[in-house]
Amino acid sequence: MSRTLALKLLPAAAIAAVVRSGERLEIERAVRIPLPTGGDGTARGKAIHEALAAWKPGRIATVLAAPRSDLTIQNLDLPPMPADDLPELVHLQAERDIQLSEDGEGFDFLPLSGDEEHPYRVLGAGVSATQWKTLKATCDASELKIARIVPEPLGWVELGRAALTDRNAESLGVFSAIIERQAVVWAGRGDALQLIRTVWLPADDNAAADAAALGNELRRTLLSLAQSHDAGPPPRCYYIGDNADEIAGELGATISKPVQAISLAKLVRIDASFDLPSSGLSLVELAPMAALAAAAGAGRGAPIDLLHPRRRPPAPSKARTYVLATAAAVAGVAMIGWQAYQNVQEPLALAATADAERRALEPVLESYKADETKATAIGNWLGQSTNLLTELDHLSGRLRPEPLASEKFAADQDLVLTRLNVINRQVSFTAAAKSNDAIQPAERRLREGNYRVDRGVVEPKAEGMPGFNVTVIETIERVAPAAIATTAAEPAAATPSAENRAAPAATEPAKPVEAEKAEPAKAASTEKTEAEQPDSEPTKPPAESEKPAAADEPAKSPEPAKASTPVESAAPAAGATS
């Protein structure tokens, strides 16, 4: 005898019952659990978990009975088709009325009739994607072992199957039951369900009116069964519920056909230790969900399971095809490998011959190493100097990227070069500006042109160039971009001052030629590097003892052969404003 937990979720409560299935359905215990209202499924699930903690429900399987009020029921008429194509077409038709979840859970269907030659009649039942998400959150938070989710009306179908005797098991039967203010009518032959309907009864609790409404639905069901292509002998009619004898008699008078009464007390037994009236529950509420739980405990499949919906069967296995394809691929690879091995042997023989010739030429190669060393030294020496015209062209484009006639470049940012020295790859120049604001943008453009820039003396009150009252001495050198990034990452304290930088020595000084001798720049009190000197503050004049070497002092080259004559001009350099 197996035990199964039956659970039904209502808007404000949940009903749980422990069911034992055997020769007869038995309810061991049941309880009504108050639940918080709203869409918070996690809070509802935690309330169920706390209420059922004493039952230890995690050890037994749980069947969730979905109430009719939460379900969307669809009766679909579809053309003949192969059974494998039916799930996709049903889902396609169902999505017109209900928004399904992405994985297809929350909706299932039951084929009532039809095959490849006859049209299908399909019963579909499901919930929307939002309802399914809330329902799953409730089940996860309750920590129950949910085995299946079945529409509650199908529990009456299980009760009808249990009501049939062995003599009438294969005969067609039409059953009916009243659940609160709705009635269920279904027809089945054995375990096969052929038709099911739910009918809302009048709002007034009137037994005669309920019997009349249910009788009319029974008459419609009998007419529908009689018109089907596989109609057989007239079916038997049954009524299941409380006060079955009285309601069955009224139904028989309404449809002019005998209706057999089946009491719920004969189908469902209550454990002696459980007091049903004191629990506030009725047998009509517990019977259908208990029948679904008993069917799961007995191993019978559910006609409709929202948790495990019907899907297109998987494609037949192609393992044999894959094995043969793999074997063919291995054989092809082996053949290609053997051919590649044969192809490699010939080049290896040629390589061995070439290696022997190389060993014979090793003495000659050794004699060339000295020449290669000298050529490398000469190349390095040539690389230490720069091309003057190329350097002036590149420098002018950095100092003033726009022509003089262009209005895209502000005239306040112009620099006038009054002196220019080129020694090896290093360029030193003296420039006049209208204000300090023009110095830093010019330096930024030089750095963007892959120059390393070292700012020297800044004279804020120069008088050599009318309108250009600020002079600055800059030392630049074009280097690779990586060297610029490395220099920018060094701390400001590591930058040597202008007075501490050693001037390049030369065995024979080259006296610069001055077309117009500039007025000596006034000394600054302290020299600041680019990282230390703000653009808005002029440099204070230095003391006499700290004055740097004059800008017009001849530069010296470390080697006589590589010394280059400094070029000094009072005229503006290319790209600078005259």
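Just the heavy atoms: all of them, side chains too, but no hydrogens, waters or symmetry mates, feed the values below.
- The distance from the CG atom of Leu35 to the NZ atom of Lys46 is 14.0 Å, given to the nearest 0.5 Å.
- Shown here for Ala6 and Val19, the closest heavy-atom pair between the two residues is CB-CG2, 4.4 Å.
- When all heavy atoms of Thr37 and Ala12 are compared, the pair lying nearest together is CG2-CB, 4.1 Å.
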What do the steps show when you test Leu123 against Asn75 for side chain to side chain contact (heavy atoms under 4.5 Å, CB included), and what is the final call? CA-CA 5 Å; Leu123 173 67; Asn75 292 290; 3.5 Å; yes
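- Using a cut-off of 4.0 Å between Lys/Arg side-chain N and Asp/Glu carboxylate O, Arg300 and Glu158 are scored as salt-bridged.
- In this structure the side chain of Leu9 never reaches within 4.5 angstrom of the side chain of Pro67, judged on heavy atoms.
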Tyr239 and Ile178: CA distance, side-chain angles, deciding distance, side chain to side chain contact (heavy atoms under 4.5 Å, CB included) verdict: CA-CA 9 Å; Tyr239 176 80; Ile178 295 178; 3.6 Å; yes
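- Arg148 places no side-chain N or O within 3.5 Å of a backbone atom of Leu64 that could act as its donor or acceptor partner.
- Leu307 places a side-chain heavy atom less than 4.5 Å from the side chain of Trp132.
- More than 12 heavy-atom neighbours from other residues, nucleotides or ligands sit within 6.0 angstrom of CD on Gln345.
- Between Arg310 and Asp305 no salt bridge is recorded (no basic side-chain N to carboxylate O distance below 4.0 Å).
- Once rounded to the nearest 0.5 Å, the distance linking CZ of Arg398 with CG of Leu446 reads 8.0 Å.
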Does the side chain to side chain contact (heavy atoms under 4.5 Å, CB included) test come out yes or no for Leu112 and Gln194, once each step is laid out? CA-CA 5 Å; Leu112 301 178; Gln194 294 191 354; 5.6 Å; no
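- Taking every heavy atom of both residues into account, Pro57 and Leu52 meet most closely at CD-O, 3.0 Å.
- The environment of Lys133 atom NZ is sparse: at most 12 non-hydrogen atoms of other residues, nucleotides or ligands sit within 6.0 angstrom.
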Could you walk me through whether Leu159 and Ile262 pass the side chain to side chain contact (heavy atoms under 4.5 Å, CB included) test, one step at a time? CA-CA 10 Å; Leu159 291 173; Ile262 302 176; over 6 Å; no
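- Although no hydrogens or angles enter the test, the distance criterion places no donor-acceptor pair under 3.5 Å between the side chain of Arg121 and the main chain of Ser113.
- Looking at Leu218, Thr221, Val174, Leu214 one by one, the single match for side chain to side chain contact (heavy atoms under 4.5 Å, CB included) with Ile255 turns out to be Leu218.
- Phe109 and His91 have perpendicular rings, their planes meeting at more than 60° on a 0 to 90° scale where under 30° would count as parallel.
- Counting only heavy atoms from C-beta outward, the side chains of Leu78 and Val90 approach each other to under 4.5 Å.
- Between Leu89 and Met81, the shortest heavy-atom contact is CD2-CE, 2.8 Å.
- Annotation: side chain of Leu281 is in contact with side chain of Leu276 (closest heavy-atom distance under 4.5 Å).
- Shown here is Glu250, whose CD atom has more than 12 heavy atoms of other residues, nucleotides or ligands within 6.0 Å.
- When atom types are taken as modelled, the side chain of Arg24 and the backbone of Lys266 share a donor-acceptor pair closer than 3.5 angstrom.
- A heavy-atom distance below 4.5 Å is found between the side chains of Leu222 and Cys237.
- Separating the CD atom in Gln182 from the CZ atom in Arg68 is a distance of 7.0 Å, to the nearest 0.5 Å.
- Counting heavy atoms from C-beta outward, Thr254 and Arg219 have side chains that approach closer than 4.5 Å.
- Of the possible donor and acceptor atoms, one in the side chain of Ser176 sits under 3.5 Å from a partner among the backbone N and O of Tyr238.
- At least one side-chain heavy atom of Phe274 sits under 4.5 Å from a side-chain heavy atom of Ser279.
- Panel note: side chain Arg44, backbone Pro36; a donor-acceptor pair is recorded below 3.5 Å.
- For Pro111 against Leu86, the heavy-atom pair with the smallest separation is CG-CD2, 3.9 Å.
- Taking CD1 of Ile149 as the start and CG of Leu292 as the end, the distance is 12.0 Å to the nearest 0.5 Å.
- Side chains of Gln74 and Asp97: a donor-acceptor N/O pair is present below 3.5 angstrom, by distance only.
- Environment of CD in Glu346: sparse, with no more than 12 heavy atoms of neighbouring residues, nucleotides or ligands closer than 6.0 Å.
- In this structure the side chain of Asp271 never reaches within 4.5 angstrom of the side chain of Val18, judged on heavy atoms.
- Distance alone, capped at 3.5 Å, is enough to place a donor-acceptor pair between the Glu285 side chain and the Ser282 backbone.
- A distance of 5.0 Å separates CG in Leu10 from CD1 in Ile15, rounded to the nearest 0.5 Å.
- Nearest heavy-atom pair across Ala293 and Val63 is CA-CG2, 4.0 Å.
- The CZ atom of Arg161 sits 12.5 Å away from the CH2 atom of Trp186 when rounded to the nearest 0.5 Å.
- Panel note: side chain Thr138, backbone Gly41; a donor-acceptor pair is recorded below 3.5 Å.
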